[in-house]
Student: 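Sending over a structure as structure tokens; questions will come in a sec.
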Amino acid sequence: MEIFDVIIIGAGQAGLATSFYLKQHKIIHVVLEQDSIASSWEKQRWDSFKMNTPNWMNLLPGREIHSQKRHHFMTKDEFVDYLKTYVLQFDLPVLEKHKVVAVEKVSENFIVTIDEEGMQHNILTKTIVVASGIMNKILFPNLSDSIPEHILQVHAANYKNPMELPEGNVLIIGGGQSGCQLAQELTLGNRKVYLAGSKVARAPRRYRGKDIMEWMDQLGTMDISTIELADNPNLDATQPQVSGVGLLGHTISYQSLHRMGVTILGGLKGVDHENLYFEDNCKEHIRYADETSDAIKKNVDQYLKKSPEIAVSNTDEDPSDVPDHAYRSASDLKIINFNDCGITTLLWATGFGYDFSYLNRSLLDKIGKPKHIEGKMMIEGLYCIGFPWLRKKKSGLVYGVNEDAKIIVENILHQLQNLG
């Protein structure tokens, strides 16, 4: 039986970046993908989806981008094509339709059980890199069980475009990036939209002449470490409300959605066969989003005061970023009747789950995620990559996998040298 030096589980950006560095070092390895290359990006994003980070943040190792497109935003299809082309360009050893169903450590090697179109077989490897992600499983909240049968329920991962939904109004649950962007798309598609928000930060798309992500990188925000997070759990916030739609993206906020006609509600707390019930926290969500945007801009201004040599432009007027101190965007509705409001579709934008059932339960924490310290798991030779806060704040973004993959491969090289 052939023994690989390394098996990578998952052919998304994290797995491919790791494969690139392994190949640079001539390490015998293979990337096992249960579906197809970039399948999550291809199948779990809506048709008009664009990356929320500019192109310069989405480069994998060994690739460059034309300076004129550096600050633009890729579409979903462009990024999928980017990953598939990456595999071809560097001749990475990816095997599609190879689902890992079990991993077992035996002596100095791992036995990896693979399901290949219904047929199972085993292969051996000295090391494993888990790169299957933590957003690979569609989950519906428990409240979904109480929604009347005549209401169509769609997870954001399965939504493609407004034309696929039945006629009628739409309720979106979730105020993060996906929820806000889908609310905007559906409203522009002449749908009446209700948005049950949540406590999510937001940011201006551009400030003082630069994309906000460029400022966050320059300020060192993206390099905040997991050690710093342990000392300050407040750093563990979701990615802010923002959109990559448009040549240079644009700011999105509860108030900008309200002006378009979206009804902004508090969080969903209950449902029966006729009504939906909402928390009285809509104003709190708006205030929090506004405050986080102001805090980000203040951090930039303070940085610029200490670095007067940095050339910046004046901030363009951005109506979507103006705080809603009077809470004009907040609806007073606490109860909504399905029929009276004409709601025919409930769109869940509440995030994803994950499936690491192929790993021994002892390797997972109490919520089922791999236990690790900066990518090193609890068994020698077992690593993980592509998770938020793996090593730094940027670890969960495409932008972070380059650095993480390089360090993990260095660790693997050291381990293989010790094994002789």
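Note that the numbering runs from 1 along the sequence shown for the chain.
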Student: At their closest point, which heavy atom of Gly197 faces which heavy atom of Tyr254, and how far apart are they?
Tutor: CA-OH, 3.6 Å

Student: Do you know the tightest heavy-atom contact between Ile147 and Ile151?
Tutor: CG2-CB, 3.7 Å

Student: Would you call Arg206 and Asp318 a salt bridge, taking side-chain N to carboxylate O under 4.0 Å as the test?
Tutor: no

Student: Going by an N to O cut-off under 4.0 Å, is there a salt bridge joining Asp35 and Lys43?
Tutor: yes

Student: Do the ring planes of His155 and Phe140 sit parallel (below 30°), tilted (30 to 60°) or perpendicular (above 60°)?
Tutor: perpendicular

Student: Backbone N or O of Arg202 within a donor-acceptor pair of the Thr292 side chain at under 3.5 Å?
Tutor: yes

Student: Inspect the contact between Lys392 and Glu403 and indicate whether a charged nitrogen and a carboxylate oxygen are less than 4.0 angstrom apart.
Tutor: yes

Student: Hey, is Arg205 close enough to Asp211 for a salt bridge, meaning N to O under 4.0 Å?
Tutor: yes

Student: Using the ring of each side chain (for Trp, its six-membered ring), is Trp41 parallel, tilted or perpendicular to Phe79, with breaks at 30° and 60°?
Tutor: perpendicular

Student: Could you check whether any side-chain N or O of Tyr159 sits under 3.5 Å from a backbone N or O of Arg45, counting only pairs where one atom can act as donor and the other as acceptor?
Tutor: no

Student: Cationic tip of Lys199 within the cone over Tyr288's six-membered ring, i.e. under 6.0 Å and within 45° of the normal?
Tutor: yes

Student: Salt bridge or not for Lys84 and Glu42, using N-O below 4.0 Å?
Tutor: yes

Student: Just jot down the side chain to side chain donor-acceptor pair (under 3.5 Å) partners of Tyr358, sequence neighbours excluded, or say none.
Tutor: Ser132

Student: Is Glu78 paired with Lys50 through a side-chain N to carboxylate O contact shorter than 4.0 Å?
Tutor: no

Student: So does Arg391 pair up with Asp404, basic N to acidic O under 4.0 Å?
Tutor: yes

Student: So does His29 get a backbone contact from the side chain of Asp5, meaning a donor-acceptor N/O pair under 3.5 Å?
Tutor: no

